Amino acid sequence: MHPAFSVIFLTTLIGAGQGLFLALYTVELYSLFDLLPEQESRTFYAPGAAIALGLLALGLLASFFHLGRPERGWRAAARWRTSWLSREVIVLPAFMAAVAAYWLVHWAGWREPRFAPAAGLEVTPSAAIGAAATVLAFALYLCTGMIYACIRFLQEWASPLTVINYLLLGGASGFTLATAFAGYSAPALVPFLGGWAAVLTGIALVTRAASLVRNARLRPKSTLQTAIGVKHPRIVQTAQGFMGGSFNTREFFHGRTRAFVRAIKWTFLVLVFPVPVALLGAGIAAGSAALLALAFAAQYVGLLAERWFFFAQANHPQNLYYQAIA
Amino acid sequence: MTQLALVIDLNVCVGCQACVTSCKEWNTSGIAGYLSDDRPYDADPTGTFFNRVQTFEVGEYPNTQTVHFPKSCLHCEDPPCVPVCPTGASYKRVEDGIVLVDYDKCIGCKYCSWACPYGVREVDEHQKVMKKCTLCVDRIHDRSLPRAERRPACVMACPTNARLFGDVHDPDSEVSVAIRERGGYQLMPEWGTHPANHYLPRRRTQITIQPEELVRADNPLKVDGKLPKPALKEPALDDVTSW
């Protein structure tokens with residue numbers, strides 16, 4: 001497939017935004033149970049939620065560049081019964097609304113418990129909104145991953161690993177960003193968030209490597225024989241029906257050399273996994289927020305490469321019909 | 001239930017591209033707007049087509065066969081492009097099984113083209129919507145046309161009658177008989193899309209000629225100059241003195 005930068009930015013930005021929100025809410029839950037020090041709403045949760053919201057908004061903006069007719073984008077919510085893309089189009093704004101509400105209650109400082117669903121159990125507004133937003137965050141990871149995993153003949157994508165990788169890579173980058181954010185706003189939280197960022201990055205390495213191994217061993221189900229229905233071991237295309245390019249030759253081929261694709265693979269394997277973990281460790285050891293920010297920057301750039309490779313690696317069966325110009 | 005479809009006979013397709021040009025001519029002139037072309041006479045031409053004829057060489061020299069392979073939307077009975085569409089612009093008509101795109105609802109996200117294993121959907125670079133073969137839906141149901149012309153433009157154009165058009169759910173239709181009796185098959189059956197369009201395979205074309213068919217052993221009607229010459233006074237078979 002031809003990697004589209006609109007989709008690369010969409011998936012990496014919202015993945016990090018979701019992860020950042022999940023990190024903030026994790027801190028809030030831990031502090032509710034006195035496992036972490038209480039944080040200020042105005043200086044920690046509100047600006048954190050604002051950053052998450054900004055990333056989600058940027059991702060949403062990037063997605064419009066993917067559309068030929070962005071002014072009709074609202075129609076994309078219509079077919080949520082069958083289309084994962086439609087579900088994502090609904091869940092993304094819903095999650096953004098939930099994060100905006102989360103930001104509002106923290107910015108306004110409404111922290112006293114407002115509900116008591118059971119005796120002795122008092123729920124703050126932000127905890128309730130955060131729980132709903134957490135469900136939506138996971139639903140959004142599922143939708144984003146399933147958009148790719150549900151296309152059964154794109155064999156590189158048609159695997160639960162696709163969804164798991166979207167979840168873990170987004171979560172890892174979000175927690176790395178939360179660590180960097182805490183480096184500036186709440187240094188006491190840095191070891192906790194940095195530790196979880198490293199753990200998520202480590203698990204993500206395992207699942208991403210698993211999908212690389214799986215894809216390297218894939219055997220395409222479709223062949224030139226099934227594509228044109230001629231059962232002969234030697235079939236060579238001599239003409240694709242036109243001398244120039246077409247949508248079919250532009251959209252489904254990445255057009256890069258094997259060496260370039262391999263270089264991108266190793267770039268992301270280095271930038272997404274060991275580099276951020278090392279920088280997180282150095283940042284925590286040195287107490288340097290700048291190093292933590294650098295860890296997120298490296299991981300985000302690595303994730304751009306990861307997403308590019310994710311698209312480039314998928315080999316669409318329609319390419320069988322476009323092997324020779326003439 | 002009706003399922004209109006094409007049946008393409010690879011045995012007689014000569015790769016003349018008449019179906020391609022006729023398809024483009026009809027569909028670029030319709031109410032749905034033109035099929036855009038860019039730089040048609042320059043170095044890197046490109047354009048939107050519903051139908052392409054490709055050529056494959058099968059076998060190893062000297063035992064090769066050239067297979068011309070027309071490819072357009074197969075109007076799958078279980079089309080994977082339809083459920084993925086977020087807007088419902090991509091749909092399959094209940095009444096005749098044609099898979100269509102509502103150009104007024106399409107947002108141009110290209111997701112349906114990813115979900116088609118055959119690569120038969122093409123984005124129009126100017127109208128920014130997805131386009132595909134309509135099976136000439138604006139021709140085949142047009143009562144103002146003579147019945148013989150209510151067929152897709154590609155079928156009308158084919159000089160070797162390689163393209164048959166009809167209802168593959170009607171067991172007695174021309175296409176169903178062709179599929180049944182001439183080994184019709186579907187493309188990429190491994191994905192369970194059940195394409196409605198079928199292809200008829202190449203067949204060995206061989207005629208057996210006996211020597212008697214070339215050189216006549218007898219010649220009762222005295223044709224082609226090899227006449228038996230009876231004597232002048234002998235009666236001829238027809239009681240007329242011949243020579």
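When reading the values below, keep in mind they use all heavy atoms of this one structure, side chains included, and skip hydrogens, waters and symmetry mates. Source: prediction; values computed, not measured. Each chain gets a letter, A, B and so on, in the order its sequence line appears, and its residues count up from 1.
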Closest heavy-atom pair and its distance - A:Tyr322, B:Gly119: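 Looks like OH-O, 3.6 Å.
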
Heavy-atom closest pair, residues A:Leu320 and B:Met188: CD1-CE, 4.1 Å

Can you say whether [X] sits under 4.5 Å from chain B via the side chain, the backbone, both, or neither, judging by heavy atoms?
X        : answer
A:Leu154 : side chain
A:Ala77  : backbone
A:Arg87  : neither
A:Ile151 : side chain
A:Met1   : side chain
A:Glu71  : neither
A:Val89  : neither
A:Leu224 : side chain
A:His316 : side chain

Hey, does [Y] have a side-chain heavy atom less than 4.5 Å from the side chain of [X]?
X        : Y        : result
B:Pro117 : A:Gln318 : no
A:Phe242 : B:Phe49  : no
A:Asn248 : B:Glu122 : yes
B:Lys105 : A:Arg72  : no
B:Thr193 : A:Arg152 : yes

Name the member of [options] that forms the most heavy-atom pairs with chain B at distances under 4.5 Å.
options                              : answer
A:Glu251, A:Met243, A:Gln225         : A:Glu251
A:Ala76, A:Gly244, A:Gly73           : A:Ala76
A:Ser63, A:Ser246, A:Pro317          : A:Pro317
A:Phe153, A:Trp84, A:Phe247, A:Trp80 : A:Phe153

For [X], which atoms come within 4.5 Å of any heavy atom of chain A: side chain, backbone, both, or neither?
X        : result
B:Val53  : backbone
B:Arg121 : backbone
B:Gln17  : side chain
B:Ser113 : both
B:Cys109 : both

Rounded distance [0.5 Å steps], SG in A:Cys150 versus OH in B:Tyr111: 3.5 Å

Spacing of B:Gln127 atom CD and A:Arg69 atom CZ [to the nearest 0.5 Å]: 7.0 Å

Between A:Thr226 and B:Glu190, a side-chain donor and acceptor under 3.5 Å: yes

Polar contact flag, side-chain donor to acceptor under 3.5 angstrom, A:Arg250-B:Thr46: yes

Plane angle bin for B:Phe69 and A:Tyr321 - parallel if under 30°, tilted between 30 and 60°, otherwise perpendicular: parallel

Candidate pair A:His232 and B:Gln65, rule side-chain contact (heavy atoms from CB on, under 4.5 Å), full reasoning: CA-CA 11 Å; A:His232 192 286; B:Gln65 289 269 321; over 6 Å; no

Best-contacting candidate, B:Pro189, B:Ala115, B:Ala43, against chain A by heavy atom pairs under 4.5 angstrom: B:Ala115

